[in-house]
Amino acid sequence: MKNKLSSSEKYLWEYIQNNLDDIPNLSIVKLSEDANVSTATIVRTTKKMGYSGYTDFRQQLTLKRKDTQQYKNLEKVDHDIKQAILKNKYEVDNTLKMLNVGSIEDAIQKIKKSSDIYIFARGFSEFIAQELLVKLQLLGKNCVLSTDPNIIVTMSKRIRHEDLVIFITLNGETKELVAGAKNAFDNGVSTLTITTNEEGSIIKYSEMVLLGFKSQTSYFPDYEVRSRLPLQVISRILLDSYVIRTQKSQ
């Protein structure tokens with residue numbers, strides 16, 4: 001969704017994310033003044049992000065705050081720390097909204113029917129891949145994990161049609177993962193990509209995609225260590241759903 005925003009709309013959406021705690025109390029005129037954008041920009045932005053307008057967005061945000069009693073203790077927390085907590089909640093909430101049930105069902109069936117499963121990941125996504133590997137092995141699946149760039153590219157050329165390749169990548173642009181996906185795709189191998197970038201280069205080589213929401217806010221701006229929380233949420237939902245489906249079929 002966010003990739004469809006103009007530069008001014010992206011600026012506004014990031015401003016909103018950084019001030020989520022204040023939004024329920026801001027009128028559209030006040031937000032316009034504070035963010036230095038037009039009210040029309042606010043309306044367009046919220047509509048592009050899936051709401052009927054700013055009022056709808058603000059109301060839903062308010063309802064979430066009222067319904068979630070465990071977040072009341074945040075009132076006494078330092079403002080910046082509160083924003084950090086809410087940022088993570090916002091990522092999870094939006095990731096859950098974006099998840100497609102049909103895609104999860106397709107992924108479950110592919111995992112179930114695959115002879116072997118190959119998991120490829122790089123950087124901080126490797127931690128999520130490692131957990132996915134261990135849990136699938138505990139569930140009786142034959143799995144292989146590779147994080148080495150050369151091995152990923154080479155191994156992806158030799159995977160059989162009856163197997164499945166799972167790619168875990170935040171931005172979908174890591175070159176060896178894209179190359180691995182292309183190799184598998186060209187050979188007719190099923191591919192599942194867990195990512196937060198619906199326009200990543202890897203998408204066109206992915207038979208199935210589970211898409212999460214990535215916040216533009218980073219507390220480590222000098223390093224490429226953005227939050228993998230959305231990928232973690234998706235992988236856990238996929239695993240839990242797989243267990244539920246396989247238990248029911250027994």
Side-chain angles (χ1 to χ4, degrees), residues 95-96 98-198 200-212 214 228-250:
T95 293
L96 295 177
M98 294 170 67
L99 278 180
N100 184 296
V101 176
S103 297
I104 294 174
E105 292 285 2
D106 289 343
I108 292 170
Q109 293 307 314
K110 282 292 183 181
I111 292 172
K112 186 177 179 180
K113 294 177 181 178
S114 297
S115 296
D116 295 321
I117 298 174
Y118 294 82
I119 305 172
F120 296 148
R122 296 281 292 136
F124 281 88
S125 298
E126 295 174 19
F127 297 107
I128 300 169
Q130 182 65 44
E131 181 180 358
L132 187 62
L133 170 78
V134 173
K135 289 185 176 179
L136 284 175
Q137 288 176 335
L138 291 175
L139 292 168
K141 300 301 298 185
N142 294 320
C143 295
V144 176
L145 167 64
S146 181
T147 60
D148 180 276
N150 294 322
I151 293 177
I152 288 172
V153 175
T154 303
M155 186 182 292
S156 61
K157 297 177 182 178
R158 304 172 181 170
I159 300 173
R160 302 170 301 172
H161 286 212
E162 60 267 31
D163 298 332
L164 169 68
V165 189
I166 300 176
F167 295 92
I168 303 178
T169 170
L170 190 69
N171 59 21
E173 296 291 350
T174 306
K175 62 180 182 179
E176 53 268 16
L177 296 181
V178 174
K182 185 178 186 304
N183 289 337
F185 182 84
D186 289 344
N187 290 330
V189 178
S190 292
T191 54
L192 166 63
T193 298
I194 301 175
T195 185
T196 60
N197 184 7
E198 61 185 337
S201 299
I202 200 170
I203 297 297
K204 59 185 175 183
Y205 305 120
S206 304
E207 179 183 335
M208 298 165 288
V209 178
L210 295 179
L211 189 66
K214 180 178 73 171
R228 262 69 177 176
L229 181 59
L231 304 183
Q232 183 80 46
V233 169
I234 293 172
S235 66
R236 291 197 173 189
I237 289 174
L238 177 61
L239 284 167
D240 290 348
S241 300
Y242 177 77
V243 172
I244 292 169
R245 283 288 177 265
T246 52
Q247 286 179 342
K248 283 186 176 181
S249 62
Q250 292 177 352

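Every heavy atom of this structure was used, including side-chain atoms; hydrogens, water molecules and symmetry mates were not. Everything numeric in this text was worked out from a predicted model, so none of it was measured.
When all heavy atoms are compared, the tightest approach of Ser146 to Ile151 is OG-CG2, 3.3 Å. Across every non-hydrogen atom of Gly212 and Met98, the tightest pair is O-CE, 3.6 Å. Phe167 and Gly180 get closest at one heavy-atom pair: CZ-C, 3.6 Å. Of all the heavy atoms in Ile108 and Leu238, the pair that sits closest is CG1-CD1, 4.3 Å. Across all non-hydrogen atoms, the minimal contact from Asn197 to Asn171 is ND2-O, 2.9 Å. Contact between Arg228 and Leu170 at its shortest, heavy atoms only, is NH1-CD2, 3.7 Å.
Open room surrounds CZ on Arg158; 12 or fewer heavy atoms of other groups in view lie less than 6.0 Å from it.
The structure places CD1 of Ile166 at 10.5 Å from CG of Leu145, a figure rounded to the nearest 0.5 Å. Separating the CD1 atom in Ile194 from the CD atom in Gln232 is a distance of 10.0 Å, to the nearest 0.5 Å. The CG atom of Asp163 sits 9.0 Å away from atom CD1 of Ile117, with the distance rounded to the nearest 0.5 Å. Here the CZ-NZ distance, from Phe185 to Lys204, works out to 10.0 Å after rounding to the nearest 0.5 Å. In this structure, Phe127 CZ and Ile168 CD1 are separated by 12.5 Å, a value rounded to the nearest 0.5 Å. Atoms CG and SG, on Leu138 and Cys143 in that order, are 10.0 Å from each other to the nearest 0.5 Å.
Judged by distance alone, with hydrogens and angles left aside, the side-chain atoms of Asn100 form a donor-acceptor pair with the main-chain N or O of Gly102 at under 3.5 Å. Formation of a donor-acceptor pair under 3.5 Å by the Thr195 side chain with backbone atoms of Thr169 is found in this model. For Asn183 (side chain) and Val153 (main-chain N/O), a donor-acceptor pair under 3.5 Å exists by modelled atom type. Side-chain atoms of Glu176 do not come within 3.5 Å of backbone N or O of Asn150 as any donor-acceptor pair.
Checked for salt-bridge contact, Asp240 and Arg236 miss the test: no charged N lies under 4.0 Å from a carboxylate O.
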Show your reasoning for whether side-chain contact (heavy atoms from CB on, under 4.5 Å) applies to Ser125 and Leu231. CA-CA 8 Å; Ser125 298; Leu231 304 183; 3.8 Å; yes
Would Glu162 and Ser115 satisfy side-chain hydrogen bond (donor to acceptor under 3.5 Å, both in side chains), going step by step from the backbone distance to the final call? CA-CA 6 Å; Glu162 60 267 31; Ser115 296; 4.9 Å; no
What's the verdict on side-chain contact (heavy atoms from CB on, under 4.5 Å) for Leu139 and Thr246, showing C-alpha distance, side-chain angles and the deciding distance? CA-CA 10 Å; Leu139 292 168; Thr246 52; 5.7 Å; no
Working note: Ile128 + Leu132, criterion side-chain contact (heavy atoms from CB on, under 4.5 Å); need CA distance, chi angles, decisive distance, verdict. CA-CA 6 Å; Ile128 300 169; Leu132 187 62; 5.6 Å; no
Begin with the C-alpha distance, continue with both residues' side-chain angles, and end with the deciding distance and a verdict on side-chain contact (heavy atoms from CB on, under 4.5 Å) for Leu192 and Lys110. CA-CA 9 Å; Leu192 166 63; Lys110 282 292 183 181; over 6 Å; no
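Under the salt bridge (charged side-chain N to carboxylate O under 4.0 Å, His left out) criterion, the residue pairs touching residues 133-149 are Glu131-Lys135, with sequence neighbours excluded.
Residues Asn187 and Ile159 are not in side-chain contact: their nearest non-hydrogen atoms beyond the backbone lie 4.5 Å or more apart. With contacts defined as side-chain heavy-atom distances shorter than 4.5 Å, the pair Leu96/Val233 qualifies.
No side-chain N or O of Glu207 forms a donor-acceptor pair with one of Thr191 less than 3.5 Å apart.
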